[in-house]
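A short worksheet on the structure shown next.
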Amino acid sequence: MAEEKLPTRAEDFAEWYNQLVVRADLADYAPVRGCMVVKPYGWALWENITSWLDGEFKKTGHVNAAFPTLIPMSFFEKEKEHVEGFAPELAVVTHGGGVELEEKLAVRPTSETIIGHMYSKWVKSWRDLPLLIVQWGSVLRWEMRTKLFLRTTEFYWHEGHTAHVSEEEAKEEMYRILDIYERFCFEEAAIPVLKGTKSETERFAGAQITTSIEAMMWDKRALQSGTSHYFGDNFAKAFEIQFLNKDNKLTFAQTTSWAISSRIIGAMIMVHGDDNGLVLPPRLAPIQAVVVPIFKNDAEKEKVMEVADRIFAELKTAGIRIKMDDRDNVSSGFKFNDWEMRGVPVRVEIGPKDVEKGSVALARRDKPGREGKTFVPQAGLDSAVSDLLADIQASLLKRATEYRDANIHNVEDFEELKQVVQDGWAFSYWCESRECETKVKEEAKATTRNIPFNQPDTEGTCVVCGKPSKRKAYFAKAY
RNA sequence: CGGGGCGUGGCGCAGUCCGGCUAGCGCGCUUGCUUUGGGAGCAAGAGGCCGUAGGUUCGAAUCCUAUCGCCCCGACCA
């Protein structure tokens with residue numbers, strides 16, 4: 001460790017984040033600009049995220065498949081808004097095998113086009129629908145400014161692509177997936193996201209409706225953490241996905257797509273992390289508890305390790321993801337700080353005194369330093385640790401929810417909105433016009449995040465122009 | 001693309017303005033001894049054609065030219 005302490009979040013949040021990602025051993029910078037290497041610890045976290053989501057998708061009838069990385073450039077021309085949205089950030093392959101290609105190939109930035117193309121071959125009858133396919137993989141977008149996990153040139157995600165017989169069914173699918181995303185964030189990541197509909201200008205390129213989940217980071221900026229889109233027949237028309245319905249009529253399919261990316265790891269870092277490092281929610285943490293044996297000499301080591309090994313085995317049997325830190329080249333104090341940096345939820349410390357007393361020290365990561373330490377009996381430790389993990393999970397969600405609610409302000413006045421979004425979110429009536437949205441963007445340097453599904457019963461007036469407005473929207477600075 | 005910064009052992013930097021003799025420092029790494037309940041100490045080691053290519057010069061990390069790359073701040077975006 002070149003530097004021992006992280007910058008505090010208050011000092012320099014961006015620098016805190018940059019250092020933390022590397023020092024928590026989640027990822028490293030790759031030799032190619034804007035690309036990252038996800039290290040084993042970061043990937044283990046990602047695997048826990050993906051396995052939960054994969055399980056939910058399968059429960060709701062989806063299947064996995066793989067489509068190619070390279071997409072003919074002409075495919076992007078077929079949907080007007082889609083090409084406008086993605087053309088600027090495409091990486092394009094111009095040569096193969098040493099010769100210039102007849103048709104240039106795009107490295108996929110998202111797969112609506114190639115999948116649309118394939119769906120047109122596969123969908124002929126209403127009996128072929130719904131088609132519910134998920135692809136797990138990575139995509140490439142030539143972003144101007146990058147940041148590990150939040151916005152990298154290549155990023156990992158799943159993209160669901162579905163085709164349906166009717167508008168109702170497709171919209172149902174969009175909302176079903178958004179609900180899965182919401183549950184994932186609340187129950188697994190302990191991030192209290194807000195569900196809603198994106199404004200017209202914030203919509204995905206080519207979508208008729210974009211819904212999103214939005215999360216508040218520690219610095220009160222918003223992070224779009226997942227999206228679920230309804231395309232109507234836009235892509236079906238562009239790629240000729242047609243089928244004969246029950247009335248023998250040729251009909252365009254209704255399609256959706258949706259995604260959560262490795263960016264969600266960035267969200268977890270920025271929502272739960274503290275000045276000592278990462279804080280991982282127990283349900284997703286690759287290591288839920290670490291055993292740190294403490295000893296001065298070989299005689300002590302023997303006694304301590306006997307107990308430590310037994311406890312390790314007990315906790316492992318109890319189904320806790322556990323790690324033994326028996327390194328003897330670093331001090332105990334170093335280990336404490338090291339595991340705090342890596343965000344491990346629970347630490348079990350066992351020293352000579354504990355061996356005598358039949359106790360261990362339990363340290364909970366959500367309360368760093370000595371404050372989160374208690375001494376508990378060795379007997380029944382498995383259930384004590386399980387209970388503590390559940391408690392930490394609940395506390396993280398509670399803390400994040402209180403923080404979110406304390407920093408969302410009901411604002412009715414434009415001047416006030418401009419102030420509020422400097423350090424929080426505004427929740428205001430909005431007429432949903434493009435003009436007012438642009439004015440907010442230019443004068444407040446904030447964007448509409450989404451229009452939540454849960455709305456007050458009353459109506460109001462637009463925070464910008466004062467016209468009567470039916471719905472309120474969240475306004476915030478966003479990543 | 002606009003603005004700023006930077007390329008020197010694995011990492012972080014000093015040295016560059018004002019050229020000079022064995023290119024330093026911190027961290028990490030290796031070995032040994034002492035340590036270990038909140039980021040250990042001492043000692044001995046290993047490790048660098050100074051981003052790349054030209055040029056100026058008796059002599060270049062240092063000056064000149066070109067080139068490549070990275071990071072940060074903006075517009076864009078999951």
Side-chain angles (χ1 to χ4, degrees), chain A residues 1-6 12 14-15 17-19 22-23 28-35 84-90 109-110 138-159 181 198 201-205 210 212-215 222-229 257-267 276-277 292-298 300-301 304 325-341 347-355 357 359-361 363 368-373 375 441-442 445 447 478-479:
Chain A
M1 303 279 141
E3 304 139 276
E4 294 187 341
K5 288 231 185 269
L6 280 173
D12 187 345
E15 186 55 23
Y17 179 90
N18 287 340
Q19 283 194 25
V22 172
R23 289 176 64 183
D28 202 352
Y29 291 95
V32 176
R33 192 203 98 89
C35 290
E84 283 170 9
F86 283 101
E89 54 191 45
L90 286 182
T110 179
S138 70
V139 290
L140 215 74
R141 297 182 189 176
W142 217 261
E143 300 291 352
M144 300 298 172
R145 219 179 100 227
T146 60
K147 199 175 177 78
L148 294 183
F149 287 115
L150 283 191
R151 191 182 305 103
T152 45
T153 303
E154 181 180 19
F155 60 91
Y156 300 88
W157 72 350
H158 67 266
E159 42 179 327
Y181 288 170
K198 283 287 194 182
T201 57
E202 297 280 331
R203 275 205 301 250
F204 179 83
T210 286
S212 75
I213 46 173
E214 303 281 335
L223 187 76
Q224 180 173 304
S225 305
T227 47
S228 184
H229 317 286
S257 86
W258 25 275
I260 278 185
S261 76
S262 43
R263 165 182 260 195
I264 197 76
I265 292 175
N276 293 311
V292 180
I294 298 159
F295 45 80
K296 285 190 174 68
N297 49 47
D298 283 350
E300 281 186 3
K301 181 176 181 179
V304 168
D325 186 359
D326 55 4
R327 287 178 290 179
D328 55 10
N329 60 331
V330 292
S331 68
S332 308
F334 181 91
K335 291 179 185 179
F336 300 160
N337 287 290
D338 195 30
W339 293 113
E340 277 171 12
M341 182 68 78
R347 195 171 63 245
V348 183
E349 304 168 14
I350 306 163
K353 292 175 208 162
D354 296 302
V355 174
K357 294 184 201 161
S359 63
V360 302
R370 290 200 179 83
E371 191 192 336
K373 237 185 242 196
F375 287 87
K441 202 165 183 174
E442 285 172 358
K445 297 270 177 359
T447 52
Y479 275 98

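Within every chain, numbering begins at 1; the chains are lettered A, B, ... in the order of the sequence lines, protein sequences first and strands thereafter.
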Find the distance [X]:[atom1] to [N]:[atom2] and express it as a whole number of Å.
{"X": "A/Glu442", "N": "B/A75", "atom1": "CD", "atom2": "P", "value": "12 Å"}
{"X": "A/Phe86", "N": "B/C76", "atom1": "CZ", "atom2": "P", "value": "15 Å"}
{"X": "A/Lys296", "N": "B/G37", "atom1": "NZ", "atom2": "C1'", "value": "7 Å"}
{"X": "A/Lys445", "N": "B/C73", "atom1": "NZ", "atom2": "P", "value": "16 Å"}
{"X": "A/Arg151", "N": "B/C73", "atom1": "CZ", "atom2": "P", "value": "10 Å"}
{"X": "A/Glu349", "N": "B/U36", "atom1": "CD", "atom2": "P", "value": "16 Å"}
{"X": "A/Arg370", "N": "B/G39", "atom1": "CZ", "atom2": "C1'", "value": "12 Å"}
{"X": "A/Asp28", "N": "B/G12", "atom1": "CG", "atom2": "P", "value": "10 Å"}

Taking the same atom, [atom1], in [N] and in [M], what whole-Å distance lies between them?
{"N": "B/C70", "M": "B/U56", "atom1": "P", "answer": "32 Å"}
{"N": "B/C18", "M": "B/G28", "atom1": "P", "answer": "38 Å"}
{"N": "B/G47", "M": "B/C6", "atom1": "C1'", "answer": "24 Å"}
{"N": "B/C68", "M": "B/U22", "atom1": "P", "answer": "35 Å"}
{"N": "B/C27", "M": "B/C42", "atom1": "P", "answer": "9 Å"}
{"N": "B/G48", "M": "B/C58", "atom1": "C1'", "answer": "26 Å"}
{"N": "B/G51", "M": "B/C11", "atom1": "P", "answer": "13 Å"}
{"N": "B/C76", "M": "B/G2", "atom1": "C1'", "answer": "14 Å"}

- prompt: Are A/Tyr17 and A/Tyr479 close enough that their ring centres sit under 6.0 Å apart?
  reply: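 Centroid separation for A/Tyr17 and A/Tyr479: 6.0 Å or greater.
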Which base, if any, makes a Watson-Crick or G-U wobble pair with [N], both distances under 3.5 Å?
{"N": "B/C70", "answer": "B/G5"}
{"N": "B/C21", "answer": "none"}
{"N": "B/G48", "answer": "none"}
{"N": "B/A53", "answer": "B/U65"}
{"N": "B/A43", "answer": "B/U31"}
{"N": "B/G37", "answer": "none"}
{"N": "B/G26", "answer": "B/C11"}

Choose from [options] the nucleotide whose nearest atom is closest to any side-chain atom of [X].
{"X": "A/Asn18", "options": "B/C72, B/C77, B/G37", "value": "B/C72"}
{"X": "A/Lys441", "options": "B/A78, B/C76, B/C73", "value": "B/C76"}
{"X": "A/Asp354", "options": "B/A40, B/C73, B/G37", "value": "B/G37"}
{"X": "A/Ile294", "options": "B/C71, B/C77, B/G37", "value": "B/G37"}
{"X": "A/Phe334", "options": "B/A78, B/G39, B/G37", "value": "B/G39"}
{"X": "A/Phe204", "options": "B/A78, B/A40, B/G38", "value": "B/A78"}
{"X": "A/Glu143", "options": "B/G37, B/C76, B/G38", "value": "B/C76"}

Short side-chain to backbone donor-acceptor contact, [X] and [Y], under 3.5 Å:
{"X": "A/Glu300", "Y": "A/Lys296", "result": "yes"}
{"X": "A/Lys335", "Y": "A/Val330", "result": "no"}
{"X": "A/Ser225", "Y": "A/Leu223", "result": "yes"}
{"X": "A/Arg263", "Y": "A/Leu150", "result": "yes"}
{"X": "A/Ser262", "Y": "A/Tyr156", "result": "yes"}

message: Using heavy-atom distances to pick each residue's nearest nucleotide on RNA chain B, tell me which of A/Ser261 and A/Ala30 is more 5'.
response: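 Checking each residue's closest nucleotide, the 5'-ward one belongs to A/Ala30.
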field: Residue met sooner reading RNA chain B from 5', once A/Asn329 and A/Phe295 are mapped to nucleotides
entry: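 Mapping each residue to its closest nucleotide by heavy atoms, the 5'-most match is A/Asn329.
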With heavy atoms under 4.0 Å as the rule, sort [X] into base, sugar-phosphate or nothing.
{"X": "A/Lys335", "result": "nothing"}
{"X": "A/Thr152", "result": "base"}
{"X": "A/Gly277", "result": "nothing"}
{"X": "A/Tyr156", "result": "nothing"}
{"X": "A/Ile264", "result": "nothing"}

Using only modelled atom types and a 3.5 angstrom limit, is any donor from either the side chain of [X] or the base of [N] paired with an acceptor on the other?
{"X": "A/Lys373", "N": "B/G38", "answer": "yes"}
{"X": "A/Ser331", "N": "B/A40", "answer": "no"}
{"X": "A/Arg347", "N": "B/G38", "answer": "yes"}
{"X": "A/Arg141", "N": "B/C77", "answer": "no"}

message: Is there a side-chain contact between A/Phe334 and A/Arg327 in this structure, where contact means two heavy atoms from C-beta onward sitting under 4.5 Å apart?
response: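 In short, these two side chains touch, coming nearer than 4.5 Å.
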- prompt: Is there a side-chain contact between A/Thr110 and A/Trp157, using heavy atoms and a 4.5 Å cut-off?
  reply: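 A/Thr110 reaches A/Trp157 side chain to side chain.
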- prompt: Any luck finding a side-chain donor-acceptor pair between A/Glu154 and A/Ser138 under 3.5 Å?
  reply: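 A pair is found: one side chain offers a donor N or O, the other an acceptor, under 3.5 Å apart.
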